[in-house]
2 protein chains.
Amino acid sequence: MTRDASPLEETVEEAPKLGRKRDHTRDPDILDAALEVLAETGYDGMTMEMVAARAKAGKATLYRRWPSKGELVIDAVACMKRGDFDRDHLPDTGTLRGDLVAMIKPHAIEDGARKMRIMAGLMSMISRNPELAEVARAAIVEPRASANRILLQRAIDRGEISEHSDIDSLAMLSQSMAIYRVLVLQKPVNRDFFIQLIDGVVLPAVGLGRPLATVDGGAGATDT
Amino acid sequence: MTRDASPLEETVEEAPKLGRKRDHTRDPDILDAALEVLAETGYDGMTMEMVAARAKAGKATLYRRWPSKGELVIDAVACMKRGDFDRDHLPDTGTLRGDLVAMIKPHAIEDGARKMRIMAGLMSMISRNPELAEVARAAIVEPRASANRILLQRAIDRGEISEHSDIDSLAMLSQSMAIYRVLVLQKPVNRDFFIQLIDGVVLPAVGLGRPLATVDGGAGATDT
DNA sequence: AAGATCCGGAACTACTCAGTTTCGTATAGA
DNA sequence: TCTATACGAAACTGAGTAGTTCCGGATCTT
């Protein structure tokens, strides 16, 4: 887990007297490689050799930095949190539907699909490893759910939807349906799926019927 | 996969000339044991020794009947289809809410939770084994989804909800939220959760507001 | 250039587990 | 009772992998 050495040795660690600096510059490559392999083969299928090969590193380098496969995986999953939604740059189109539709960007879909594949590979481990469960929740699930929560709360503040809406359930809804669709049904999660989900479930659930016969997002959404 | 022998040997198989009949009476125990271990440790964590020990059988007996671990698992998952909802004995209370609430029985919740644990253990395998994916879908997800579809269709036929409701999405909704809650959020899926889901998401989504302030199911449901 | 440190590669150990083989026993039919 | 068969137990084989060790070379600092 990229843990620092104990305070006792730390003075030694932080004073590289001579030679090359302790840069650990290969860490990002290794973590990325671990995520790739994880998405492709799952936790049990992933071997340290695969990760090393993918990162063009030596197995020894991995073990110099992480004490075990489990710790490497936890670190890799945790570092996924970077590069997610900025809470300050969420869409703000003036309508809930516009905001939700604006969240559907090719990059977001692709990123979400990758995270779900990783989640699938971790599933059986997650049920038995609380630390991994927490890290995965914080890195994969929470960012998107909290983004949705913000959009819904804004809609309530605008008076667009009832203040009694079950925000927590609704924030999880799109993610849970997407996970279900990808992992269980093995069907693609694309723009059409999300639009149908928004218009067929989410908006009806908050009391906003379909805006304009579902054919086009008439709600002036600046989606791209 | 409990495949019969090829037609050529079948005559031999079905004519046990002497000695004990080919009863394979241990099969159900072994399949049950496999499901238990699967739920507890996942596909990769499950070993043939564990299954044999749990079923008080010998490893050799397993291999006499199934050619490999993969085939045993597929058979075990497939045989879960038995003992699910009878399409003829679904609740029929006269209202959609009554029907949905009547589906929440302790046994159904427990059974569902077990299936989800099994699903979690199969997740990473499912993405890479189409046959297993299909078997799991047919045995675990389809029965419940189709039960919900029937209830929703009845509500449409009664004129209780709009015929434009997105039945397919709604039928999957409770299951996808339950999977999400159990596997991702690691929170309990109990009666309260389902009630809140029905009143906070499903019914609003089909245009039926909360019936009586959510405090009590005033819809005359004969649930138990 | 010299010295210290990190790296990639490869060989190695120890262990787990899928699948096989063997053998003594229990059981059902003749 | 005799015999064929299925069974449980245990030993065994072979492959794969987590984790370790060692070494030559690359790179940075002085």
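Please read these numbers as outputs of a predicted model, since none were measured by experiment. Numbered from 1 within each chain, the chains take letters A, B, ... in sequence-line order. All values below were derived from every heavy atom in this structure, side-chain atoms included, with hydrogens, water molecules and symmetry-related copies excluded.
Applying the side chain to side chain donor-acceptor pair (under 3.5 Å) criterion to R54(A), with sequence neighbours excluded, gives E36(A), E40(A). When the side-chain contact (heavy atoms from CB on, under 4.5 Å) test is applied to M80(A), the partners found at least two apart in sequence or on another chain are L35(A), V77(A), K115(A), I118(A), A139(A), I140(A). Looking at residues two or more places apart in sequence or on another chain, you find no salt bridge (Lys or Arg N to Asp or Glu O under 4.0 Å) involving K69(A). By the salt bridge (Lys or Arg N to Asp or Glu O under 4.0 Å) test, R149(A) is found to be paired with E142(A), D168(A), residues two or more places apart in sequence or in another chain being considered. Residues that satisfy the salt bridge (Lys or Arg N to Asp or Glu O under 4.0 Å) test with D32(B), not counting sequence neighbours, are absent from this structure. In this structure T61(A) satisfies the side-chain contact (heavy atoms from CB on, under 4.5 Å) test together with I30(A), R64(A), sequence neighbours excluded. For R117(A), the salt bridge (Lys or Arg N to Asp or Glu O under 4.0 Å) test picks out no residue, with sequence neighbours left out. In this structure, the side chain to side chain donor-acceptor pair (under 3.5 Å) partners of E134(A), at least two apart in sequence or on a different chain, are R137(A).
Note: CG (L62(A)) to C1' (dT17(D)) measures 14 Å, nearest angstrom. Look at CZ on R65(B): it is 18 Å from C1' on dG19(C), rounded to the nearest Å. Remark: P of dA6(D) and CG of D27(B) are 12 Å apart, rounded to the nearest angstrom. Atom CG in D29(B) sits roughly 15 Å away from atom C1' in dA6(D) (whole-Å rounding). As rounded to whole Å, 15 Å separates atom C1' of dA18(C) from atom CG of D44(A). Whole-Å rounding puts the E71(B) CD to dG19(C) P distance at 10 Å. A straight line from CD1 of I30(B) to C1' of dG8(D) spans 11 Å, rounded to a whole angstrom. Between the P atom of dC17(C) and the CG atom of L72(B) lies a distance of 16 Å, rounded to the nearest Å.
Under a 3.5 Å cut-off, the side chain of T41(B) and the backbone N or O of L38(B) do not form any donor-acceptor pair. Here the side chain of D99(A) pairs a donor or acceptor atom with the backbone of T93(A) at under 3.5 angstrom. One N or O on the side chain of N129(A) and one on the backbone of L132(A) form a donor-acceptor pair closer than 3.5 Å.
Listed in residue order, the members of residues 119-128 of chain B having a heavy atom less than 4.0 Å from DNA chain C come to none. Within a heavy-atom distance below 4.0 Å of DNA chain D, the residues of residues 50-58 of chain B found are K56(B), A57(B), G58(B).
Below the 3.5 angstrom threshold, one finds a donor paired with an acceptor across the side chain of R64(B) and the base of dG8(D).
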Show me the protein contacts with nucleotides 11-16 of chain D, counting only N or O atoms at under 3.5 Å.
none

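At dG8(D), one or more side-chain N or O atoms of T61(B) fall inside 4.0 Å of OP1 or OP2 (strictly under the cut-off). Taking only side-chain nitrogens and oxygens, Y63(B) comes nearer than 4.0 Å to OP1 or OP2 of dG19(C).
Within the structure, the side-chain hydrogen bond (donor to acceptor under 3.5 Å, both in side chains) test picks out no pair touching residues 118-128 of chain B (sequence neighbours left out).
Each of A60(A) and G45(A) was matched to the nucleotide of DNA chain D holding its nearest heavy atom; the match closer to the 5' end belongs to G45(A).
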